[in-house]
Amino acid sequence: MAQPLFQSSSLSCSDFSKNSSKSSIIFGSQLRSPTMEKTQLRALDSVKTKSTVRLKAVMESPGLTQEVVENEPKVGGVTNEAANHFKELKHRFLGFKKDKYLSNLERYKQLSEAQYPKFMVIACADSRVCPSSVLGFQPGEAFVVRNVANLVPPHENGPTETNAALEFAVNSLEVENILVVGHSCCGGIKALMSLQDDVISSSFIRSWVVVGSPAKSKTKAAASNLNFDQQCKHCEKESINRSLMNLLSYPWIEERVVRGKLSIHGGYYDFIDCTFEKWTLDYKGTTMHGDSECSIKNREFWT
């Protein structure tokens, strides 16, 4: 079974606190002790001596210079491996150019002048769930933004790259559909469900996934009898619905939904058994005030 992408999600926030305490020891008062200062001075003298020897070797003996340089740490293996990866990407690009681009020159000429996508897709950054691969989107068909756990922050949270993409897609491209796609075994959701509320952390992951806290709370209330993995799966879908509701907090999105110019959809891709679940937000049945509740319609299962 595939493992979650974000390995840090398995760590509790207390781990960050432990690391912080260790940092205070390393960079704290111990470094100012006379013993440590003498050790640092000896190390500095050693570096200077080695540098002098190397410089002398350069001036006096090409053979010795070669020997000293070869004793330095090597990173050639990593560089060669990266080069092989890019050779593969080059091969794929040239295949794309031959089989798709040159075979559809008129289409790509149109795309070079403008784009008219019908879909705005918000998907997870997980490498296993590329929406273009899973749903077969072709160039020009979908304006896509991907982030950790496919979250949509509410309007009041302020600017992010996600709502900047939303603004462009809705107001400039005038897409007709917004599709939020979640997936199974989501490391971002696992990170959200693992958060300890009373722990302060500087983790970027934590700072982002807290956007899904309402989905976590609702999951804990509705699925407290389930084990942790089952709760995570429940939250994967609950967070999609929360994001659909957050979309309505943007006035220019709600206005187009009311006018029938824009539809909002949720999708869930289970890559364990390769199934897809799709549903549409029912605006009239959704309540945004008090005990907010997402109403859905047109639910479909693709198996």
Determine all donor-acceptor pairs shorter than 3.5 Å in which one atom belongs to a side chain in residues 247-254; sequence neighbours excluded.
unit_1	atom_1	unit_2	atom_2	d
S249	OG	H155	N	2.9
S249	OG	N246	O	2.5
Y250	OH	P153	O	2.6
Y250	OH	N163	ND2	3.2
E254	OE2	Y283	OH	2.7

Side chains of residues 91-99: which donor-acceptor pairs under 3.5 Å do they make with residues two or more places apart or in other chains?
unit_1	atom_1	unit_2	atom_2	d
R92	NE	E88	OE2	3.0

Please set out all donor-acceptor pairs under 3.5 angstrom arising from side-chain atoms of residues 179-188, sequence neighbours excluded.
unit_1	atom_1	unit_2	atom_2	d
S184	OG	D270	OD1	3.4
S184	OG	F271	N	3.1

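A distance of 4.0 Å separates CE in M120 from CG in L166, rounded to the nearest 0.5 Å.
Evaluation of the salt bridge (Lys or Arg N to Asp or Glu O under 4.0 Å) test over residues 294-303, restricted to residues two or more places apart or in two chains, returns E277-R299. The salt bridge (Lys or Arg N to Asp or Glu O under 4.0 Å) contacts involving residues 146-175 comprise nothing, where partners must be two or more places apart or lie in separate chains. Annotation: salt bridge (Lys or Arg N to Asp or Glu O under 4.0 Å) contacts involving residues 108-122, sequence neighbours excluded, comprise K118-E176.
S239 contributes a side-chain N or O that, together with a main-chain N or O of E236, makes up a donor-acceptor pair within less than 3.5 Å. Looking at N147, its side chain does come within 3.5 Å of a backbone N or O of L151 through a donor-acceptor pair.
Between F137 and V144 the shortest side-chain heavy-atom distance does not fall below 4.5 Å. For the pair P154 and N157, the minimum side-chain heavy-atom distance is below 4.5 Å.
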Review point. Given the rule in the salt bridge (Lys or Arg N to Asp or Glu O under 4.0 Å) test, do R259 and E255 qualify, once you have shown the distances and angles that lead to the verdict?
Key: CA-CA 6 Å; R259 289 170 50 202; E255 184 266 338; 2.8 Å; yes

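Cluster annotation: Y116 and V145 are assigned to distinct hydrophobic clusters (Ile/Leu/Val/Met/Phe/Trp/Tyr, side-chain heavy-atom contacts under 4.5 Å, transitive).
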